[in-house]
Amino acid sequence: MKLDSTVSAIVTGGASGLGAATARALAAKGVKVALFDFNEETGTKTAEEIGGLFCKVDVTSEESVDEGFAKARAAHGQERIIVNCAGTGNAIKTASRDKATGETKAFPTDQFDRIIQINLVGTFRCCAKSAKGMLDLEPLEDGARGVIINTGSVAAEDGQIGQAAYAASKGGIVSLTLPLARDLMNDGIRVNTILPGIFDTPLMARASEQVRASLSAGVPFPKRFGRPEEYAAMALAMIENDYWNGEDVRLDGGIRMGPR
Ligand SMILES: NC(=O)c1ccc[n+]([C@@H]2O[C@H](COP(=O)([O-])OP(=O)(O)OC[C@H]3O[C@@H](n4cnc5c(N)ncnc54)[C@H](O)[C@@H]3O)[C@@H](O)[C@H]2O)c1
């Protein structure tokens, strides 16, 4: 798909990190960009920087997502692109014993469900509602109507200790790619998923220098964190290359995560 001012896009989680970098890269091509995020402060700031539209959206809420699509489409028309980056994680073991008290506990199911709701169900909700809108778009060359990019994680394949919920949510996103691409193939909508390794976003900025150094050292090459612009470049390549469909692709400097 050719990227220019005739095209509009939605980026979920667009206030920060990988989503913000993608929103910035799309805007630099002239694309009209709407950001869906529940962080109003960073969302408004990012939208202002790129001349985009901020929509306060919680991807776990049906109503909030509907309102976001209505606001974005009223301003920019029906989107041809959605990039789903909204997501979060937690670090809890399936069962554990407190070293000090000896007390045992199980992973609280509500905290497992929270991550699934944000990462997996939230992503699917935005895919389905965006695709519904794309069905009414005029087809472009080859019958193309739209493109969906989702964000998995290398944790979908190499989930670490404490990542049961996060890895399951990201594994679900990875498994969605092919059936979504097949569901939408007759309507000219492509679907691809990026599995990032360790990227330098506000999420990782909170880690200590020591942790950051040890994580960087574990990347085969280049020995550093990924840059959000590198994620954005891959998302744009997937959007611009009309033959790229139904794929889950790691972007990770060759890293394979160990148990911890
Ligand atoms: N940074 C990494 O190393 C890395 C690695 C693998 C995968 N990922 C994935 O990439 C995506 C982006 O991560 P990031 O590092 O840019 O993180 P980030 O925290 O910088 O950005 C995530 C954004 O999602 C938003 N968000 C969270 N829950 C939301 C909800 N319910 N509704 C709407 N918005 C919500 C947050 O407000 C935030 O702006 C996430 O899905 C994350 O799991 C990141």
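With contacts defined as side-chain heavy-atom distances shorter than 4.5 Å, the pair Cys126/Val59 qualifies. You'll find the side chain of Arg97 stays beyond 4.5 Å of the side chain of Glu103, heavy atoms only. By the 4.5 Å heavy-atom criterion applied to side chains, Gln163 and Gln160 are counted as neighbours. Thr109 has its side chain out of reach of Gln111: every pair of non-hydrogen atoms, C-beta onward, lies at least 4.5 Å apart. Residues Phe107 and Asn90 meet the side-chain proximity criterion, which asks for heavy atoms closer than 4.5 Å. Residues Ile194 and Thr151 form no side-chain contact, since every pair of their non-hydrogen atoms from C-beta on lies 4.5 Å or further apart. Between Thr88 and Ile115, the closest side-chain pair of non-hydrogen atoms falls below 4.5 Å. Counting heavy atoms from C-beta on, the side chains of Ile92 and Pro108 come closer than 4.5 Å.
Ionic pairing of Asp200 and Arg227 is not present here: no N-O contact between side-chain nitrogen and carboxylate oxygen is shorter than 4.0 angstrom. Salt bridge status for Arg145 with Glu138: absent, with no side-chain N to carboxylate O gap under 4.0 Å. A salt bridge is absent between Lys56 and Glu67: the closest approach of a Lys/Arg side-chain nitrogen to an acidic carboxylate oxygen does not fall below 4.0 angstrom. Ionic pairing of Lys132 and Asp136 is not present here: no N-O contact between side-chain nitrogen and carboxylate oxygen is shorter than 4.0 angstrom. Ion pairing of Arg73 with Glu79 is present here, as a side-chain N (NZ or NE/NH1/NH2) and a carboxylate O approach within less than 4.0 Å. For Asp158 and Arg250, the salt-bridge test passes: some basic side-chain N is under 4.0 Å from an acidic carboxylate O. The existence of a salt bridge linking Lys29 and Glu240 is confirmed by a sub-4.0 Å separation between a basic side-chain nitrogen and an acidic carboxylate oxygen. Between Glu49 and Lys45, at least one side-chain N (NZ, or NE/NH1/NH2) sits under 4.0 Å from a carboxylate O, which counts as a salt bridge.
Connection of Met1 to Leu180 is not established within any shared hydrophobic cluster, with ILVMFWY side chains joined at heavy-atom distances below 4.5 Å, either directly or through further cluster members. Connection of Val31 to Leu53 is not established within any shared hydrophobic cluster, with ILVMFWY side chains joined at heavy-atom distances below 4.5 Å, either directly or through further cluster members. Taking hydrophobic clusters as Ile, Leu, Val, Met, Phe, Trp and Tyr residues chained together by side-chain heavy-atom distances below 4.5 Å, Val154 does not share a cluster with Phe199. The hydrophobic clustering, which links ILVMFWY residues whose side-chain heavy atoms are closer than 4.5 Å, places Trp244 and Val7 together. A continuous path of hydrophobic side-chain contacts links Val11 to Val147 [ILVMFWY only; heavy atoms under 4.5 Å].
Shortest non-hydrogen contact noted between Ile255 and Met257 is CD1-SD, 3.6 Å. In terms of heavy-atom proximity, Ala167 sits nearest to Gly159 at CB-CA, 4.0 Å. Heavy-atom minimum distance, Leu18 versus Pro196: CD1-CG, 4.0 Å. Taking both residues in full, the closest heavy atoms of Ala25 and Ala232 are given as CB-CB, 4.0 Å, listed atom of the first, atom of the second, then distance. Taking all atoms of both residues into account, the shortest heavy-atom contact from Val249 to Met234 is CG1-CE, 3.2 Å. In plain terms, the two heavy atoms of Ala165 and Ile116 that are nearest each other are O-CD1, 4.0 Å.
By the neighbour-count criterion of 12 heavy atoms within 6.0 Å, atom CG of Asp142 is sparsely surrounded, having that number or fewer from other residues, nucleotides or ligands. By the neighbour-count criterion of 12 heavy atoms within 6.0 Å, atom CZ of Phe124 is sparsely surrounded, having that number or fewer from other residues, nucleotides or ligands. For Arg256, the CZ atom sits in a packed shell: over 12 heavy atoms of surrounding residues, nucleotides or ligands are nearer than 6.0 Å.
Asp4 contributes no side-chain N or O that, together with a main-chain N or O of Gly30, makes up a donor-acceptor pair within less than 3.5 Å. Proximity of a side-chain donor or acceptor of Arg80 to a complementary backbone N or O of Leu137 within less than 3.5 Å is not detected. Side-chain N or O atoms of Asn245 include one that pairs as donor or acceptor with a backbone N or O of Val191 at under 3.5 Å. Distance alone, capped at 3.5 Å, is enough to place a donor-acceptor pair between the Arg190 side chain and the Ile239 backbone. Under the 3.5 Å distance criterion, the side-chain polar atoms of Asp252 are matched with a main-chain donor or acceptor of Gly254.
For the atom pair OG1 (Thr22) and CD (Glu229), the distance works out to 10.0 Å, reported to the nearest 0.5 Å. Atom SG of Cys127 sits about 4.0 Å away from atom CG of Asn150, to the nearest 0.5 Å. Atom CD1 of Ile10 and atom OG1 of Thr12 lie 9.5 Å apart (nearest 0.5 Å). With values rounded to the nearest 0.5 angstrom, Leu251 atom CG is found 9.5 Å from Leu195 atom CG. Residue Ser169 holds its OG atom at 3.5 Å from CG of Asn119, rounded to the nearest 0.5 Å. Interatomic distance, OG of Ser96 versus CG of Asp98, reported as 8.0 Å (0.5 Å rounding).
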Enumerate, atom names and distances included, each donor-acceptor pair closer than 3.5 Å involving a side-chain atom of residues 214-226, sequence neighbours excluded.
unit_1, atom_1, unit_2, atom_2, d
Ser216, OG, Arg212, O, 2.9
Lys223, NZ, Ala217, O, 3.0
Lys223, NZ, Val219, O, 2.9
Arg224, NH1, Glu230, OE1, 3.1
Arg224, NH2, Glu230, OE2, 2.7

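For Phe54 and Phe36, the gap between ring centers reaches or exceeds 6.0 Å.
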Practice prompt. Show the numbers, then the answer: is there a side-chain hydrogen bond (donor to acceptor under 3.5 Å, both in side chains) between Asp58 and Ser61?
Written response: CA-CA 6 Å; Asp58 178 348; Ser61 156; over 6 Å; no
Discussion item. Pair Thr201, Tyr231 - check side-chain hydrogen bond (donor to acceptor under 3.5 Å, both in side chains), show working.
Written reply: CA-CA 11 Å; Thr201 65; Tyr231 172 96; over 6 Å; no
Worksheet entry | Intermediate values then yes/no, side-chain contact (heavy atoms from CB on, under 4.5 Å), Val121 and Thr60 | CA-CA 7 Å; Val121 182; Thr60 64; over 6 Å; no
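Each of Ile148, Leu236, Leu3 was evaluated against Ile81; a single residue qualifies, Leu3, per the side-chain contact (heavy atoms from CB on, under 4.5 Å) test. When Asn84, Thr177, Thr123 are each tested for a side chain to side chain donor-acceptor pair (under 3.5 Å) with Thr193, only one passes: Thr177.
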